[in-house]
Each structure stands twice: as structure tokens, then as C-alpha cells.
Asks: 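The structure is given below, and queries will be raised subsequently.
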Amino acid sequence: MAIDGRCSGRGVDRRSVVRGAGVVAGGLLLGGLLDLGTAGEAYADSGQPRVYTRREWGARKPRRRGRILDRRPDRIVVHHTATANVTDYSLDHAFRLSRAIQRYHMEHNGWNDTGQQFTISQGGIVMEGRDNTLPAVHNRKHLLGAHVYRHNSHTLGIENEGDYMSVAPPDALLDALADVCAWLCFRYDLDPGRAIVGHRDFNSTNCPGDRLYRALPRLRKDTAARLAALRR
């Protein structure tokens, strides 16, 4: 999924996003019925990396609160933003990135909020994406996102800053991505070898770029090593 639409293809189930609800096979929508807390709260559990909350990066209020499903996700989908590769690895830049993604998704796409659950800058800074993501992970529930066409009901999306068609992702980003994936696998009891996939595994798209897609075997291996340490 890209913030400029270049690789998003049919990556979003608009029925469940534009209308803010939608029909979700195999999952009961609990949004508005289950109060899991606010995104500004810190949910420090075993293995959780530093995740900057929506409040910290200055998110806009969503049009509707994030919807929670009574099921766990079974896939972690890796995306790239297909935006320019940068050398600014600062926190300020990362926060501006999250705000730009949210602005594009809400104003250009007409969505309720930013589509993905997490965003990682090229400097390896991890940020909460869609509203209610951190409470959902903490409670081992699934927040309905908007990042993979026809597969939002069972997948988590991680947006990685950069264009990785011909350029390899920075080590800082890959390390942060492995940390996040290990934590999510730990929370949801997932096998990294099966759970971690690229956007193109579900939809007709270049996302997450050829170089990042080729890095997925390494990511699965690194995630598995981190996960084994968490489970000791």
C-alpha cells in the first residue's frame, strides 16, 4: 500500500472502510461495544518494542473509532510507502510521515483513518497507525484495518517508509520490523514462517517492492529468533 496510490492496486476492501463498517466474514464487529482503552495509553507487555502512539505523533481524530473483531489476525502484511527514500532519520520526520499518510488516506481516499496498523520510518521509528491498534494488540483482539483488498478481516498491516523496488531497505528499518513482527507473533501466537507475507501475496501490486519482498525470508528468520527469546 502506498500513500500516493502507486502500488495500492486493489489493496483495500472499500466496503469495510469507506462506509466505516462492512460485512466481515468470520468475525463479529465489536467497535463501540468493547472499550479497550485509548491509543495514548502505554501498553508495555513482554517483548513490546517502543511504539510511538497516535497522540505522540499528532494524529487527527478518526471519522469513526477503530473497529475491533472478536478474532485474532493470522497474517502480518508487509507494505512499503513507495515514497522517496530519505536520509532524515529523525523523530520529527517520522511523525510528519505518519501525519502525511493519515492525511492522504482520509482526504484523498476518503477513509475513516489511516489504513495500516503500524508505520515504520526509514530510521526504524515505529508508530501506531489506525486508531485503537495498541489496545487491540494488548487484548489479543484484531483491529479492522484498510490495507489489503478482501483480506482486512484477518491481517495486520505494517507500512514501511521508502520505495524498495530497486533499493534495499535500511538495516534500521529491518531491525525495527523484526522487533514488531516478533512482538505481534508473541501476542497472537503466530508462526513467523507462515504469518509474515508481502502485500503482493494477496493482491496484484508491486508492494512492498522487489528488494523488500526478497528480504522477507531474512525477516522471518530474524523474527523467529527474537520470538524464541521471548518465549523462554
Side-chain angles (χ1 to χ4, degrees), residues 1-3 5-14 16-17 22 24-27 49 51 66-67 69 71-83 98 101 105 109 111 113-121 126-130 132-134 136-137 141-165 169 173-174 176-224 227:
M1 181 174 64
I3 67 172
R6 281 184 287 160
C7 74
S8 57
R10 293 170 58 84
V12 176
D13 188 345
R14 299 176 190 278
S16 66
V17 179
V24 181
V51 179
R67 300 270 178 168
L69 309 182
R71 59 181 296 173
R72 300 182 185 188
D74 62 11
R75 295 292 186 276
I76 300 170
V77 182
V78 176
H79 300 269
H80 73 169
T81 60
T83 53
S98 278
I101 292 173
H105 286 179
N109 294 352
W111 300 347
D113 194 4
T114 193
Q116 72 285 352
Q117 283 86 356
F118 295 95
T119 304
I120 303 178
S121 74
V126 182
M127 293 160 286
E128 180 182 30
R130 201 166 181 84
N132 239 359
T133 291
L134 286 179
V137 176
K141 301 291 185 180
H142 177 46
L143 173 75
L144 181 64
H147 60 100
V148 179
Y149 184 67
R150 295 189 183 276
H151 292 279
N152 290 306
S153 65
H154 68 102
T155 62
L156 291 166
I158 303 177
E159 190 85 85
N160 297 278
E161 181 187 19
D163 186 335
Y164 299 116
M165 285 301 296
L173 186 149
L174 288 176
L177 181 56
D179 288 341
V180 173
C181 287
W183 172 55
L184 294 174
C185 287
F186 182 74
R187 296 301 297 172
Y188 293 118
D189 194 23
L190 301 176
D191 173 9
R194 178 177 173 81
I196 298 171
V197 297
H199 187 181
R200 64 178 65 178
D201 290 321
F202 285 124
N203 301 142
S204 178
T205 174
N206 289 328
C207 187
D210 291 346
R211 296 293 296 273
L212 180 51
Y213 189 75
R214 290 203 296 268
L216 293 187
R218 168 189 165 183
L219 174 63
R220 296 181 186 109
K221 181 179 179 180
D222 291 348
T223 298
L227 181 60

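Note that the numbering runs from 1 along the sequence shown for the chain.
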Asks: Identify, with sequence neighbours excluded, every residue that meets side-chain hydrogen bond (donor to acceptor under 3.5 Å, both in side chains) alongside Q117.
Replies: none
Asks: Does the side-chain contact (heavy atoms from CB on, under 4.5 Å) test come out yes or no for Y188 and I76, once each step is laid out?
Replies: CA-CA 11 Å; Y188 293 118; I76 300 170; over 6 Å; no
Asks: Please check this pair: side chain of H199 against backbone of G157, looking for a donor-acceptor N/O pair closer than 3.5 Å.
Replies: no
Asks: Drop me the distance from H79's NE2 to T205's OG1, to the nearest 0.5 angstrom.
Replies: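 Those atoms lie 9.0 Å apart.
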Asks: To the nearest 0.5 angstrom, please state how far the CG atom of N160 sits from the CG atom of L177.
Replies: 5.0 Å
Asks: Could you pull out all residues at least two apart from T119 that satisfy side-chain contact (heavy atoms from CB on, under 4.5 Å)?
Replies: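 side-chain contact (heavy atoms from CB on, under 4.5 Å) list for T119, sorted by chain: L97, S98, I101, Q116, M127, E159.
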Asks: Side chains of residues 208-216: which donor-acceptor partners sit under 3.5 Å, not counting sequence neighbours?
Replies:
| residue | atom | partner | partner atom | Å |
| --- | --- | --- | --- | --- |
| D210 | OD1 | R200 | NH1 | 3.1 |
| D210 | OD1 | R200 | NH2 | 3.0 |
| R211 | NH1 | S166 | O | 3.2 |
| Y213 | OH | D201 | OD1 | 2.6 |

Asks: Step by step, work out the side-chain contact (heavy atoms from CB on, under 4.5 Å) result for D179 and V126.
Replies: CA-CA 10 Å; D179 288 341; V126 182; over 6 Å; no
Asks: Quick one: list whatever passes side-chain contact (heavy atoms from CB on, under 4.5 Å) with A178, sequence neighbours left out.
Replies: L219, D222, T223, R226
Asks: What residue among R75, H147, H142 forms side-chain hydrogen bond (donor to acceptor under 3.5 Å, both in side chains) with T155?
Replies: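 The single option meeting the side-chain hydrogen bond (donor to acceptor under 3.5 Å, both in side chains) with T155 is H147.
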Asks: Can you tell me how far the CG atom of N203 sits from the CZ atom of R150, to the nearest 0.5 Å?
Replies: 10.0 Å
Asks: Please confirm whether the backbone N or O of G129 pairs with a side-chain atom of T133, one donor and one acceptor, at under 3.5 Å?
Replies: no
Asks: Might you work through the side-chain contact (heavy atoms from CB on, under 4.5 Å) test for V78 and Y164, ending with a clear yes or no?
Replies: CA-CA 12 Å; V78 176; Y164 299 116; over 6 Å; no
Asks: Is there side-chain contact between P192 and L227, with at least one heavy-atom pair below 4.5 Å?
Replies: yes
Asks: Over all heavy atoms of both residues, which pair between S153 and L69 is shortest? Give the atoms and the distance, please.
Replies: O-CD1, 3.5 Å
Asks: Where is the tightest heavy-atom contact between G66 and N132, given as atom of each residue plus distance?
Replies: O-ND2, 3.5 Å
Asks: Whether the side chain of T114 engages the backbone of R130 through a donor-acceptor N/O pair (distance < 3.5 Å, no angle test) should be reported.
Replies: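 Flag not set: sc T114 to bb R130 has no pair under 3.5 Å.
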Asks: Locate the shortest heavy-atom distance separating T81 from G162; write the atom from each residue and the value.
Replies: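 Shortest heavy-atom contact: OG1-N, 2.9 Å.
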Asks: Rounded to the nearest 0.5 Å, what separates atom CG in D74 from atom CG in L156?
Replies: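 If we round to the nearest 0.5 Å, D74:CG and L156:CG are 9.5 Å apart.
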Asks: Are F202 and H154 close enough that their ring centres sit under 6.0 Å apart?
Replies: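 Between F202 and H154, the centre distance is under 6.0 Å.
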Asks: So, D163 side chain and M165 main chain: donor-acceptor pair closer than 3.5 Å or not?
Replies: yes
Asks: I need the R72 CZ to L190 CG distance, nearest 0.5 Å.
Replies: 8.5 Å
Asks: How close do R194 and V197 get, heavy atom to heavy atom, and via which atoms?
Replies: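 The answer is O-CG1, 4.1 Å.
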